[in-house]
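Have a look at the structure below before the remarks.
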Amino acid sequence: MSAYDPKKIEPKWQKEWEQAGLYHAEDSSSKPKYYTLIEFPYPSGDGLHVGHPRPYIGLDIVSRKRRMEGFNVLYPIGWDAFGLPTENYALKTGKDPRIVTKENTDTFRRQIQSLGISFDWSREINTTDPEYYKWTQWLFLKFLERGLAYKAKMPINWCPKDKIGLANEEVVDGKCERCGTEVEKRERKQWMLAITKYADRLADDLDTVDYPERVKIQQRNWIGRSEGALIKFDDIEIFTTRPDTIRGATFIVMSGKEDKFTGRYVINPATREKIPVWEAEYVMADYGTGAIMGVPADDERDRIFAEKHHLPIVENYTKAEFEDYGKKVAKYKLRDWVFSRQRYWGEPIPVVHCGKCGIVPVPESELPVKLPEIKNYQPTETGESPLANISGWVNTICPKCGGKAKRETDVMPNWAGSSWYFYRYCDPHNDKQFASLEKLKYWMTPVRQSGGGVDWYNGGMEHTVLHLLYSRFWNKFLFDLGLVPTSEPYKKRTSHGLILAEGGEKMSKSKGNVINPDSIVERFGADTLRVYEMFMGPFEQAIAWSESSLVGPRRFLEKVWKLAGKGQTLNIDSQGLTLMHQTIKKVSEDIEAMRFNTAVSTLMIFVNELDKREEISQKEFEILLLLLAPFAPHITEELWSTLGVSQNSIHTEKWPKYDESKLIADEVTIVIQVNGKVRGKFVASANITKEKIIKAAQEVPEIQKWLVDKNIKKSICVPGKLVNFVTS
RNA sequence: GCUCGAGUGGCGGAAUUGGUAUACGCGCAACACUUAAAAUGUUGUGACCGCAAGGUCAUGUGAGUUCGAUUCUCACCUCGAGCACCA
């Protein structure tokens, strides 16, 4: 038998799978559907690093298992390619961002394809493709049409030296990242999306989805709903979440720069007493009404304030019914979404400004409003987008009156394209609609459980607030218009941990510690990289890369390869049978719970056991290959093809089932404890009774010295596991 | 400051309806094969005491509950993530 050579078999099978269309999702099928989704990458100029594939491999394993379980699986990929780094690169080099994006996506595609991820490449999308952003613009017009997109004055970060607006990310310690100048706030009219209109539903509907609890908590905290009451103390209206404590209110505090008494008094409507009005820093101007009632007996901060300034504290007051004094309201931390950027590399906002007609949407027939090709990507000195310099593009005619008009020069934030990309995957080549309702219904309507949307969405913890919330908001809006079939976009959400550099630091080009998967594939093979990334630690935890640990998974695959050359037998003894069924059960369950690390170790134990034997049965080897196939798709396909049991790809074979009755071993080891300490053990048949265990345990020679001259006060017995003698 | 996580061998980690702590892997050591090395294989590998048999200690620290605690309760320490005075 030849040696295991991943360089020979991996490209061969990748080509074959692609030609056979093995991973193409079918838009109609007699099989039940399953939609697995990873966050589509931003194709940065740094190329792929070994952290990128971790989530792709994780959901690839789930997707491959689902196919083997008989599902019609949609596992797509694309590129979230608008955004700052590419634009800044263009600014520096003068290179067209389209070219840069093309180069970067070509690199990413080649690298991802070398890993054998079962993406359906026929559905690849790119947010910077006019055929794609046409629909991003169309969706924006829907928001405009329904009054949810509006213009408002909002502050932006302004660098007075560079004369450009800065993203938060470009402001470091209040200074411009490039030149170090102190950043100023400047008011600008900005496009806004009214996400706050959906605040209640975004919070409430978290109860209907399967997200990790900490993700739900973060979303709820971000929305920040608090229910309370508005109460008037004369002309000052305050907001409180504890209106029942009003009889304990002995002062009013308004937002201010420092603690000071205003000289004013107002009447507490509950007690009819005159109370002082103060100003203090601890009251926030933009939350609630910017004023609170001070209840020092009930609120810690109010008490500290009262003690500091010798204000009265009333301890024993009676609870009030707030309806008598105020009205019930809910307040939110969530603010409307600033939706415009004064930049180039984004989707143009498809409206024109007409002197006569005002803001006029670009008609659907004229979409997409294409980004013009330009030479200079520098924003204008007035803070407008570089697009404002292209007079041939800016000057247009009003679609309504035919008079002279100017195009909007702001573009959308890069959250826009990622707020709806998962619909496009369902119908990626549709030139009539962003996606047909029929196809959305097929892919996003639940098959078995309640709740709808993408069946399983995995992403990074860094996106659990903004991206998740924004896309849920778009989904709810489109659901209300009857354009999408479910009120929530994702049924189940999980997250993965970062892969850090060997020293535990984040990988970045600037630190020079980026590990490129190409070199790993070259030296160890894609299957080894895949198994290693799954084996290295818990999937949802951040973990440091370790070059020296890669040999473990490689040795494991070598062992699997060698098993194919072992002598064969038809017999499996009962111990072997038990191990095989236990392995099926454990690997199946671990994949569902994303415990990939223990799934791999279970497979290693199985392989070690088979490796010890002179002969193995074909059945055991088949089961091993089937269970390993989602983790290491190339080596298993190669070995499967030489086995000759089937003409099919292993990836379309049936996922093994375990037999409940075979899980329990005939014999078990019973641990003997004396006063809670392990003193010995013995082997007994699995169905031995308690009485027999206790009797047999006392007869074990090494136990007797611990029992001599002692009275056994109590014997505790866990059948099949343990016995504990408590002595006096 | 608040909230949520997490602390287990030399290293990554495993084990929870409370029941053999350290699975699996890396590393290390010895041996086999080899002229030699690599690769591979075999054996060993928590700490301490002991010639050995064996014993004692050990899951961040200290208490508690229990026949029995990595797992449950309380207090504290350290690290990480998120949020910024949210009434």
Side-chain angles (χ1 to χ4, degrees), chain A residues 3 212-226 228-229 231 238-243 245 249 252-253 255 280-295 298-302 304-305 331-334 461-462 464-465 497-498 500 502 504 531-532 535-538 540-556 558-559 562 586 595 597-608 611-612 668-681 702 705 712-727:
Chain A
E213 202 48 43
R214 65 184 192 282
V215 172
K216 290 190 183 184
I217 290 169
Q218 279 195 46
Q219 292 245 326
R220 285 203 189 94
N221 288 347
W222 189 264
I223 296 164
R225 173 166 60 196
S226 52
I231 302 175
I238 63 101
F239 175 70
T240 176
T241 55
R242 293 294 309 279
T245 64
I252 294 293
V253 194
S255 169
E281 217 189 328
Y282 81 94
V283 175
M284 295 177 73
D286 55 1
Y287 186 80
T289 62
I292 63 154
M293 61 181 189
V295 186
D298 196 71
D299 184 280
E300 183 67 12
R301 274 173 318 171
D302 291 349
I304 291 166
F305 189 78
K331 291 277 170 203
Y332 301 90
K333 268 197 298 197
L334 186 69
M461 275 310 278
E462 70 274 19
T464 56
V465 179
L498 286 179
L500 308 166
E502 297 241 5
V531 172
Y532 171 63
F535 180 62
M536 65 196 299
E540 65 286 351
Q541 233 171 71
I543 195 157
W545 184 258
S546 166
E547 197 79 36
S548 61
S549 298
L550 268 157
V551 293
R554 172 65 192 238
R555 284 176 191 154
F556 164 65
E558 300 266 8
K559 259 187 212 172
K562 282 186 201 148
K586 176 84 172 134
R595 290 187 298 252
N597 53 335
T598 52
V600 173
S601 73
T602 302
L603 288 167
M604 285 173 168
I605 292 168
F606 190 40
V607 167
N608 288 345
D611 190 45
K612 267 189 225 157
V668 290
T669 302
I670 310 255
V671 170
I672 310 163
Q673 295 182 336
V674 178
N675 293 324
K677 296 202 174 190
V678 179
R679 298 298 181 190
K681 52 193 77 167
E702 68 260 32
K705 69 174 175 188
I712 297 176
K713 273 204 307 197
K714 208 168 159 190
S715 306
I716 293 119
C717 184
V718 183
K721 274 197 177 151
L722 163 148
V723 60
N724 184 17
F725 297 114
V726 185
T727 63

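A note on names: the letters A, B, ... follow the listed sequences, proteins ahead of strands, and every chain is numbered from 1.
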Under 4.0 Å between a side-chain N/O of [X] and OP1 or OP2 of [N], yes or no?
X: A/N608; N: B/G25; answer: yes
X: A/Q541; N: B/G13; answer: yes
X: A/N597; N: B/A14; answer: yes
X: A/K559; N: B/G41; answer: no
X: A/R595; N: B/A14; answer: no
X: A/R225; N: B/C86; answer: no
X: A/K714; N: B/C67; answer: yes
X: A/R555; N: B/G27; answer: yes
X: A/K677; N: B/C57; answer: yes

Mind calculating the distance between [atom1] ([X]) and [atom2] ([N]) to the nearest angstrom?
X: A/M604; N: B/C24; atom1: CE; atom2: P; value: 11 Å
X: A/Q673; N: B/U66; atom1: CD; atom2: C1'; value: 13 Å
X: A/D302; N: B/A87; atom1: CG; atom2: P; value: 11 Å
X: A/K713; N: B/U66; atom1: NZ; atom2: C1'; value: 13 Å
X: A/K721; N: B/U17; atom1: NZ; atom2: C1'; value: 10 Å
X: A/K216; N: B/C83; atom1: NZ; atom2: C1'; value: 21 Å
X: A/K586; N: B/C24; atom1: NZ; atom2: C1'; value: 11 Å
X: A/L500; N: B/G12; atom1: CG; atom2: P; value: 13 Å

Students often get this wrong, so: under 4.0 angstrom with heavy atoms, is [X] touching a base, only sugar-phosphate, or nothing?
X: A/L550; answer: nothing
X: A/K705; answer: sugar-phosphate
X: A/S546; answer: nothing
X: A/V283; answer: base
X: A/I605; answer: sugar-phosphate
X: A/V726; answer: sugar-phosphate

| field | Distance-only polar pair, side chains of A/T727 and A/N675, donor-acceptor under 3.5 Å | value |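 Note: A/T727 and A/N675 side chains meet the donor-acceptor criterion.
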| query | Any luck finding a side-chain donor-acceptor pair between A/K559 and A/N608 under 3.5 Å? | reply |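 Per modelled atom types, A/K559 and A/N608 side chains form a pair under 3.5 Å.
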| query | Would the A/W222 and A/Y332 ring centres measure less than 6.0 Å apart? | reply |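 Between A/W222 and A/Y332, the centre distance exceeds or equals 6.0 Å.
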When rounded to the nearest Å, what value does the distance between [atom1] atoms of [N] and [M] take?
N: B/U34; M: B/G46; atom1: C1'; answer: 35 Å
N: B/U65; M: B/G13; atom1: P; answer: 34 Å
N: B/U45; M: B/U22; atom1: C1'; answer: 12 Å
N: B/U42; M: B/C33; atom1: C1'; answer: 11 Å
N: B/C79; M: B/C72; atom1: P; answer: 24 Å
N: B/A21; M: B/A47; atom1: C1'; answer: 14 Å
N: B/G64; M: B/C83; atom1: C1'; answer: 34 Å
N: B/G54; M: B/G62; atom1: P; answer: 30 Å

| Between A/R554 and A/E558, is there a side-chain N and carboxylate O pair less than 4.0 Å apart? |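 The answer is yes: the pair qualifies as a salt bridge.
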| Would B/G50 be called syn or anti, given that syn covers angles within 90° of 0? |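 The base of B/G50 is oriented anti (glycosidic angle more than 90° from 0).
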Within the 4.5 Å heavy-atom criterion, are [X] and [Y] side-chain neighbours or not?
X: A/L722; Y: A/Q673; result: yes
X: A/R679; Y: A/E702; result: no
X: A/F239; Y: A/I292; result: no

| message | My understanding is that a pair needs two contacts under 3.5 Å, Watson-Crick or G-U wobble. By that rule, which nucleotide pairs with B/G41? | response |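 B/G41 is paired with B/C31.
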| query | Who is the Watson-Crick or G-U wobble partner of B/A36, with both distances under 3.5 Å? | reply |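 With both distances under 3.5 Å required, B/A36 matches none.
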| message | Here's a test of your reading of the structure: between A/M536 and A/S226, which maps to the more 5' nucleotide of RNA chain B? | response |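 Of the two residues, A/M536 wins.
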| Closest nucleotide of RNA chain B for A/K333 versus for A/N221: which of these residues is on the 5' side? |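 Nearest nucleotide further toward 5': that of A/N221.
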